[in-house]
Amino acid sequence: MLAYLNPYCLTKFYVLNDYFLVKFDEIENLESYSFLESDQVYPDDLHYDIYKKLKNLKGEVNLKSVPAAISVTEKEVTDFTDRKSFKLYNPLEEASELYTEMAKLDIFNEESLMKFVARYGLPLDYYFHRPKDIDEEEIDDEINNDILFGYMDLLLFYEELVKYKKIFNIWKSIRTDNKGELYAIRDEFKSSAHKSLTIAKKNFFEEYFEDSKYADEYHSLEDEEAEKYESLTNYVEKHASEEELVNIKFTHSMWELWQKNKDVPLIESAKQYLIILINNQSMGKPSFHLKNGDIVPAIAFYNLIEVAYYQLSRAMTNNTDLKACENCGAFFEVTHASRKYCPPLLGTKRSTCENNNSQKAKRKRKRKKERE
């Protein structure tokens with residue numbers, strides 16, 4: 001696995017000088033916009049906080065004053081086209097803190113997001129595709145080079161951010177051995193496995209029973225109740241022929257993993273759930289590179305979300321410790337035991353949090369001296 005090999009990074013990211021927020025009433029089309037135009041939005045648990053912000057008490061979408069995207073200015077695009085110089089960085093060599101900095105971001109906190117973007121660039125492109133939609137040949141053409149993103153759909157980014165923060169926080173709970181959080185993670189593992197089983201069964205039964213002699217029984221069941229679908233299976237097992245039974249054997253990997261891990265120690269259960277979640281994310285594309293005449297492992301990235309997941313995966317495999325910053329309270333990667341603050345950010349030599357804490361201490365000493 002590339003996480004063990006410290007691969008050569010094939011992708012660098014540009015950061016331009018001027019980004020600005022775009023409101024929904026200032027645009028004509030976004031990938032997320034068509035979904036939001038519907039009269040009702042019924043988010044799943046993962047996206048509830050995002051769409052709660054966009055709904056009024058009647059459940060109708062309210063887009064008034066909601067930022068829809070982040071864009072670079074036309075002047076920046078012109079300057080880039082004219083080959084003016086902009087910051088270009090290697091995320092693995094120059095921004096090892098990116099994955100913990102991304103975990104600090106909160107949905108609809110545009111101030112912190114704009115600071116992040118000013119330092120690291122846009123995390124996603126406007127034409128963002130999730131891993132299952134990416135064409136492998138297209139990746140080779142697009143990401144093995146220097147990347148500039150000029151426009152980002154905010155709601156699509158927030159959806160990815162919610163998933164990322166959830167996975168990061170599970171790892172944080174594991175490394176800090178937070179028993180309360182670990183119990184909550186085990187409950188979530190069970191609930192997610194149950195929901196996943198229900199949906200998988202529903203899809204299976206819809207296809208198998210729709211045109212069968214069991215259609216009436218199928219249509220009499222309520223949606224998304226695993227026990228009901230289990231009852232239908234039992235019904236079929238009692239009345240179907242042996243030949244039919246061979247065709248309806250049903251298994252589901254996440255449910256089986258929960259059954260195997262429900263009685264193991266909390267840490268092990270949380271780790272298994274973490275593996276399930278992060279394995280569904282894209283962490284870059286493994287590759288090779290010719291360096292000084294030698295073939296070396298390499299990796300290419302499609303966006304900064306992939307970079308964050310890759311860095312997190314490397315922290316996981318290395319059992320990297322996390323510690324709460326004494327200034328901001330956020331968790332950072334411990335590179336040496338004496339560190340008390342978040343590490344220096346891209347383009348800086350001293351920790352911003354350490355500097356802020358020093359300034360607070362100076363002001364406190366000054367006020368004390370003035371009172372004496």
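Values below: all heavy atoms of this structure, side chains included; hydrogens, waters and symmetry mates excluded.
- By the salt bridge (Lys or Arg N to Asp or Glu O under 4.0 Å) test, Lys179 pairs with Asp177, sequence neighbours left out.
- Listed by chain and number, the residues in a side chain to side chain contact (heavy atoms under 4.5 Å, CB included) with Gln359 are Asn355, Lys362, Arg363 (sequence neighbours excluded).
- Residue pairs meeting the salt bridge (Lys or Arg N to Asp or Glu O under 4.0 Å) criterion with at least one partner in residues 104-123, sequence neighbours excluded, are Glu101-Lys104, Asp106-Lys165, Glu111-Lys115.
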Evaluation steps, side chain to side chain contact (heavy atoms under 4.5 Å, CB included), between Glu181 and Asn169: CA-CA 9 Å; Glu181 293 176 359; Asn169 285 333; over 6 Å; no

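- Hydrophobic cluster of Tyr341: no remaining members, since no ILVMFWY side chain lies below 4.5 Å from it.
- Tracing side-chain contacts under 4.5 Å through hydrophobic residues (I, L, V, M, F, W, Y), one reaches Ile305 starting from Leu155; they form part of the same cluster.
- A search for side chain to side chain contact (heavy atoms under 4.5 Å, CB included) contacts involving Lys291 returns Tyr8, His289, Val296, not counting sequence neighbours.
- In this model, no donor atom of one side chain and acceptor atom of the other lie less than 3.5 Å apart for Lys172 and Asn178.
- Looking at residues two or more places apart in sequence or on another chain, you find a ring pair (Phe, Tyr, Trp, His ring centres under 6.0 Å) between Tyr14 and Phe80.
- Pairs of residues two or more places apart, or lying in two chains, that qualify as salt bridge (Lys or Arg N to Asp or Glu O under 4.0 Å) and include a residue from residues 318-347 are Arg175-Asp321.
- Not a single salt bridge (Lys or Arg N to Asp or Glu O under 4.0 Å) links Glu76 to another residue, sequence neighbours left out.
- Every residue two or more places apart in sequence or in another chain that forms a ring pair (Phe, Tyr, Trp, His ring centres under 6.0 Å) with Tyr309 is listed here: Tyr164.
- Applying the side chain to side chain contact (heavy atoms under 4.5 Å, CB included) test to Leu290 and every residue at least two apart in sequence or in another chain returns Ile295.
- Partners of Val15 according to the side chain to side chain contact (heavy atoms under 4.5 Å, CB included) rule, which considers only residues two or more places apart in sequence or in another chain, are Tyr19, Lys87, Tyr89.
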Candidate pair Tyr302 and Asp125, rule side chain to side chain contact (heavy atoms under 4.5 Å, CB included), full reasoning: CA-CA 9 Å; Tyr302 192 71; Asp125 190 17; 5.8 Å; no

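- Separation of atoms NZ (Lys285) and CG (Leu10) is listed at 9.5 Å; rounding is to 0.5 Å.
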Side-chain donor-acceptor pairs under 3.5 Å in residues 263-277, sequence neighbours left out?
| unit_1 | atom_1 | unit_2 | atom_2 | d |
| --- | --- | --- | --- | --- |
| Tyr273 | OH | Glu188 | OE2 | 2.9 |
| Tyr273 | OH | Ser192 | OG | 3.0 |

